[in-house]
Amino acid sequence: MSKKAQDDVGDSGPRFSPPLYLQRYEYVQNYLFKTNPPIIKVADFGCAEGRFIRYLKKLPFAEEISAIDLEKQALDECVYKAEPIAWDFMFGRHRPMKLSLFEGSVIESDDRFKDLDAITCIELIEHLHQDVLDLFPKNVFGFMQPRFVIITTPNKEYNVLFPQLKETDFRHWDHKFEWTRKEFQAWCESVITEYPLYSYTLDGVGEPPIDRSALGHCSQIAIFTRQTIEKTSNIASLLINHKYKLFKFYNYPQRSAPAEEKLEFVNWDEVLA
Ligand code: SAH
């Protein structure tokens, strides 16, 4: 059964416009758009069938985009969102870009993922068993250490607005837990206590009805920002450690610079005379 991000809560309960999963993608994309210096290398962990890839491709300065999932079947579904389309060949990008799909777990340490600008984990952590979740911070914040880590996860407090959910139910059959805002915050605090290079802010998407604003957003979001770069040992970086299995990779064409330059210097007065 698919693990895709759309919550399994069916038709009853609050409806969102745009749909909640699109609000999450737009929020994360907007955040990445605004960063300065811009995002050049970014990885989306738990990419499922790759719907967020289309949003990442819009980042104008991106040169390396990776989407990673544990399940090969999910990566199969990513292919048609990841491959360049006619538009990409016609217009090209400012800079050449590589888009790769990888099979692997977010807790595996792979040297190629060490100097990323951002890691996104959209509705991933609640799919992790406790033993995997325990190892998540060590790899993401301790080993990969990107400039930004953006994590979204359901806000359990909001579930009372879904009449079909009993108190112990989760929004999706594959969720291992769902957290209240306090629980998520406590986890974020534990992360920065262990990895003081990072600070975080909390936010959310999916507004509650006006009379239930105390419940908070339907999806909660944490944005972790690295304050400094920790010096990693050169010895470690000499070891080739490629844990993720490359599933597919695409080279996106660069806009043809010579042709553009020629156009820029055309003397139109002469041409039109
Ligand atoms: N981010 C997607 C959907 C996430 S659903 C979106 O917003 O559209 C969770 C996904 O995480 C599933 O595809 C599941 O296969 C994947 N996953 C579960 N455990 C994982 C792990 N340890 N490492 C990487 N991906 C994992």
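Both counts, for ligands and for their atoms, begin at 1 and track the order of listing.
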Peer 1: Answer yes or no for G104: is there a heavy-atom contact with ligand 1 below 4.0 Å?
Peer 2: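 Yes.
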Peer 1: Does ligand 1 have a heavy atom under 4.0 Å from the side chain of L128, from its backbone, from both, or from neither?
Peer 2: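 Side chain only; the backbone of L128 stays clear of ligand 1.
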Peer 1: Do G46 and ligand 1 have an N or O pair less than 3.5 Å apart?
Peer 2: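 In this structure, G46 places an N or O atom under 3.5 Å from an N or O of ligand 1.
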Peer 1: For L124, is at least one N or O under 3.5 Å away from an N or O on ligand 1?
Peer 2: no
Peer 1: Closest heavy-atom contact between C218 and L20?
Peer 2: SG-CD2, 3.6 Å
Peer 1: Begin with the C-alpha distance, continue with both residues' side-chain angles, and end with the deciding distance and a verdict on ring pair (Phe, Tyr, Trp, His ring centres under 6.0 Å) for Y25 and Y21.
Peer 2: CA-CA 6 Å; Y25 296 158; Y21 74 101; 5.8 Å; yes
Peer 1: Any atoms of ligand 1 less than 4.0 Å from a non-hydrogen atom of A48? List them with their elements.
Peer 2: 2 (C), 3 (C), 13 (O)
Peer 1: Which option wins on minimum heavy-atom distance to atom 1 (N) of ligand 1: D69, D44, I122?
Peer 2: I122
Peer 1: Taking the side chain from Q23 and the backbone from V205, do they hold a donor-acceptor pair closer than 3.5 Å?
Peer 2: no
Peer 1: Between Y25 and ligand 1, which residue portion shows a heavy-atom distance shorter than 4.0 Å: side chain, backbone, both, or neither?
Peer 2: side chain
Peer 1: For ligand 1, which atoms have a heavy atom of E123 less than 4.0 angstrom away?
Peer 2: 4 (C), 5 (S), 9 (C)
Peer 1: Between F52 and Y55, what is the ring plane arrangement, given parallel below 30°, perpendicular above 60°, and tilted in between?
Peer 2: parallel
Peer 1: Counting C-beta onward and ignoring hydrogens, is there a side-chain heavy-atom pair between F16 and E207 closer than 4.5 Å?
Peer 2: no
Peer 1: Has the side chain of T180 got a donor or acceptor atom that lies under 3.5 Å from a matching backbone atom of E183?
Peer 2: yes
Peer 1: How are the rings of F136 and W187 set to each other: parallel, tilted or perpendicular (split at 30° and 60°)?
Peer 2: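 Judged by the thresholds at 30° and 60°, the geometry between F136 and W187 is tilted.
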Peer 1: Mind checking whether S105 contacts ligand 1 via backbone (N, CA, C, O), side chain (CB onward), both or neither, at a 4.0 Å heavy-atom cut-off?
Peer 2: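 Both backbone and side chain.
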